[in-house]
Structures are given as C-alpha cells and as structure tokens.
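Residues: numbered from 1 along the sequence shown. Atoms within each ligand, like the ligands themselves, are counted from 1 in listed order.
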Amino acid sequence: MKMIYLDNNATSQVAPEALDAMMPFLTDRYGNPSSMHFFGGSVARDVAVARENLADLLGVSPTEIIFTSGGTESDSTAILSALATSPERREIVTTRVEHPAVLNLCKHLARFKGYTVKWLSVDKEGNLNLDEVNGAISTHTAVVSIMWANNETGVIFPVEKIAEIAAERGALMHTDGVQIVGKIPLKLKNTAINFLALSGHKLHSAKGIGALYLKKGTRFQPFMIGGHQEYDRRGGTENVPGIVGLGKAAELAAKGLDQERTRVKALRDRLQAGILNSVQFARVNGSLENRLPNTLNIGFEFVEGESILLKLDELGICASSGSACTSGSLEPSHVLRAMGVPFTSVHGSIRFSLSRYNTAEEIDFVIQQMPVIIESLRAMSPFGRDNTSIACTVQ
Ligand SMILES: *Cc1c(COP(=O)(O)O)cnc(C)c1O
C-alpha cells in the first residue's frame, strides 16, 4: 500500500537533495569546523554557506542566524534571553493558541518564576483582536511571543504589526515562525521582529536542527553556555550534517516558493471543496483568508477524530486530529477550544497538512474516501444524540 502523507505540520519528508548534501558530513567529512587543520576548517565553509542560504530565505543577514537543536530550543532561547536582558520588566504577552514549546514555557515561567503572563484570546475564526493586543502590551512587558502561523489551523497572525507596537513600548518581539518559514515569503530585515524560531524538520530537513533569527542590535543572553560556537551565542559543537541539510532545504524552499505555494494551495483548496461538497455537517476550522496555503483543519459533527484517523490509517493516509485520546481521557485541542469551536466538532476535527510532495491523485483519493469513512462511522454511532457513546470523558 502506498502511503499518502498529509501530516506535514507534524513533520516533513527530508528533501532528497538535503539528504545528499548531508551525507558527506556523516561519512568522510567528519571534521570539527572549529579545528585549525584543513580537514576540519574546510567544513566551516559549508556551515557558512548553509547560514547564507537560510538568511536568504528569511531576508536577513547571515550574522543574524544562530543554529540550534530545533524549534523548541529556539523558542526557549528567545523568550529566556528577552527576560534575562529586561530584568525590570516582569510581564510576558502571548496567545492561548501557541505551540506547547511556547505555551508550556510561559506556564512554567508564571508558576515557578513569578512572571505575569497575559494570554491573548482568539475569535471563532482563530484571529487575534488587535485592540486586545494593543491593550496587553505595556512598558512592563519584557517580551511579546506570538506565533506567526498556527500549526493546527494554519491561521496567520499580524506579527509585523504587533512587533511595532512592542517596539514602541520597549518590549522585545519573538515569533514562533516554525510553520510559516518556507511556506510564505518573508522579509524580516524591515520588520521590528527581534527573534524568530524555525525548525528543520518542518521544512524538509532533519529533526534535531533548527535556527533562531536574532535581529542585529537585540540584547541577547545565550541559552546553551559553552564554547565559542555560533559567535558565542550558542555553545556546543555544531550539528554539521543538520546545518548543511537545513541550508539545502532553505535553498530549495526559496527557489520553489512562489510556484509550490500556488500549487500546494490549489491542492488544499481542492481537498477542502471536495470534502465540503460530499460530507454533511463538516466545517473548516480557522479563517479561510488568513491561512497557510498547505493547511486544512476540518471538523465533522457526530463523529470522533480518533476513529476517522484510524480509518484513514487503514487506507495509508496520514493526517492528525485536534485531540489526543490517551488512557481514557480526552484532551480536546487547546487551539480549537480557544476558538470556541463547538464541543461536538472539536472531537471530530482532522488536520490535513500538505507539502510540495503531494499529488492531485493523492488528494482525489482522499476526497473519494472521506464521505465513505464519515458515513460509515456515523452509521455505527448515534453520536450527538447520545453522548454516552463517546469513548473518552471530558473534564
Ligand atoms: C513543531 C513546532 C515546534 C517545535 O519544533 P521542534 O523542532 O520539533 O522542537 C514549535 N512551534 C511550532 C509552531 C511547531 O509546529
């Protein structure tokens, strides 16, 4: 059975070109880029090229890139640095719909470090209210951390505008850009954004590699303290294969961005229309306009997401649900709950996230299967009328 992979917001296939670029650094070219001899030193050149390619993708200078172990480390580095370098400010402004990398760090900082966190809400389309944002950021704010695009719904936030408000009040602006980088063209140079986190494995390179954009002139304190790597901004011997692979992935993304974005969006729109046309009681979660081109989050009433995923999985289709049903307790998606998506729909929500490797045939197969799956599940369970048929309980 051929697999149809529609879970690219969770992780993505390593581009064959990125793998080819990495291989020499896992075999013959194992030198340490900090070494004085040619064998090691020549590797430093490849790291520099990767840095240039990534900087080009973001529209920034190579000196503003710090390689890290991934999106999570980049988020922690940015937020903790902003707090450490703004000791007189004790407030953090963030949203209720962040990825756990930011959400749980902010909860931790509130609980154990005495920071005040202002949690911004979203409306039913998943959009922020700019008046609320404006009211939350003050001269007590150390850092504003707002994701650029949401991993579950694909909804895009106006972070450039928010960064200007933050700058006016002397607060630093961090954005979790993991989902937007490589999907939408960015030009960070002319924005007031101080930090942006990105992750290799969401961008067709390897897991365990990522980067942090650090705007020139931004006060900074390292997270990993050790050797002089990354211009004294991140200690530890470089993940050379990862860095080179990320550089290649960035180069590919930049080259194909305009064309692939349009193609992927057309496939996503075809999937969306195909499902809405053939399945009753289905609705898209998240703004239709302000959305990543590859993401479709769709809620099906009277049916459980987990059951849909299992049926899809039997057909070799990989997607994900907005809830994780573990050991008898259901945790509905915090993102969909923050949007006020009705209970019955949260539990039947599925995220399809596409990439440039998907084809029209794959999408058509999914469109053909969805009504069959949903109808068979609805026939089996009198969901909605009898809530005791829900396998999991909700607190
Ligand atoms: C995947 C993801 C992360 C975490 O990145 P890792 O490289 O897996 O640590 C952070 N933020 C968002 C929005 C993500 O989708």
Side-chain angles (χ1 to χ4, degrees), residues 5-14 18 54 57-58 65-80 94-108 120 122 126 128 143-157 159 162 173-184 186 193 195-213 223-224 234 236 239 241-243 245-247 249-250 253 285-286 290-297 318-322 324 333-336 338-339 351-355:
Y5 190 74
L6 298 174
D7 202 11
N8 287 277
N9 288 10
T11 196
S12 63
Q13 180 192 330
V14 175
L54 188 56
L57 179 65
L58 304 179
I65 300 289
I66 303 172
F67 288 112
T68 67
S69 68
T72 303
E73 185 190 321
S74 297
D75 282 328
S76 272
T77 304
I79 293 170
L80 296 176
T94 189
T95 78
R96 295 188 185 283
V97 298
E98 297 297 310
H99 184 274
V102 169
L103 196 77
N104 289 337
L105 175 62
C106 290
K107 280 188 191 167
H108 171 91
L120 300 168
V122 293
L128 289 170
V143 61
V144 180
S145 181
I146 295 185
M147 65 198 328
W148 207 327
N150 188 275
N151 45 302
E152 290 191 30
T153 59
V155 170
I156 297 171
F157 288 149
V159 296
I162 298 169
M173 178 76 195
H174 168 57
T175 186
D176 179 332
V178 170
Q179 291 294 342
I180 203 163
V181 171
K183 293 176 188 154
I184 304 274
L186 302 178
I193 296 165
F195 308 91
L196 174 139
L198 65 91
S199 171
H201 73 100
K202 306 287 173 80
L203 189 61
H204 300 300
S205 63
K207 293 165 185 66
I209 183 69
L212 177 66
Y213 158 70
F223 177 64
M224 298 283 267
R234 201 270 189 185
N239 173 357
I243 290 171
L246 176 54
N285 295 316
N290 267 332
R291 194 169 40 144
L292 291 175
N294 80 316
T295 307
L296 171 62
N297 191 311
C318 304
S320 74
S321 78
S333 150
H334 68 286
V335 175
L336 300 184
M339 289 162 60
R351 178 188 69 190
F352 297 102
S353 48
L354 285 63
S355 83

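In this structure, the protein non-hydrogen atom closest to atom 11 (N) of ligand 1 is Asp176 OD2, 2.6 Å. Closest to atom 4 (C) of ligand 1, if we only count protein heavy atoms, is Thr72 OG1, 3.6 Å. Among protein heavy atoms, atom 8 (O) of ligand 1 sits closest to His201 NE2, 2.8 Å. Closest to atom 1 (C) of ligand 1, if we only count protein heavy atoms, is Lys202 NZ, 1.4 Å.
No hydrogens or angles considered: nothing links the side chains of Asp176 and Asn151 as a donor-acceptor pair under 3.5 Å. Under 3.5 Å, the side chains of Ser355 and Gln13 contain no donor-acceptor pair of N or O atoms.
Evaluation of the side-chain hydrogen bond (donor to acceptor under 3.5 Å, both in side chains) rule for Thr77 yields no partner, not counting sequence neighbours. Taking Ser76 as the reference, nothing meets the side-chain hydrogen bond (donor to acceptor under 3.5 Å, both in side chains) condition, with sequence neighbours excluded.
By the 3.5 Å distance cut-off applied to N or O atoms, Gly71 is counted among the residues near ligand 1. Checking only distances, Glu73 never comes within under 3.5 Å of ligand 1, N or O to N or O. Of the N or O atoms in Ser199, one or more lie within a sub-3.5 Å distance of an N or O in ligand 1.
With hydrogens and angles ignored, the 3.5 Å screen pairs a side-chain donor or acceptor of Thr175 with a backbone N or O of Ile146.
Atom numbering of ligand 1 starts at 1 in the shown order; those under 4.0 Å from a heavy atom of Asn151 are 13 (C), 15 (O). For ligand 1, the atoms closer than 4.0 angstrom to any heavy atom of Gly70 are 7 (O).
Side-chain contact between Leu198 and Leu246 is present, with at least one heavy-atom pair separated by less than 4.5 Å.
Taking CD from Gln179 and NZ from Lys202, the interatomic distance works out to 5.0 Å, rounded to the nearest 0.5 Å.
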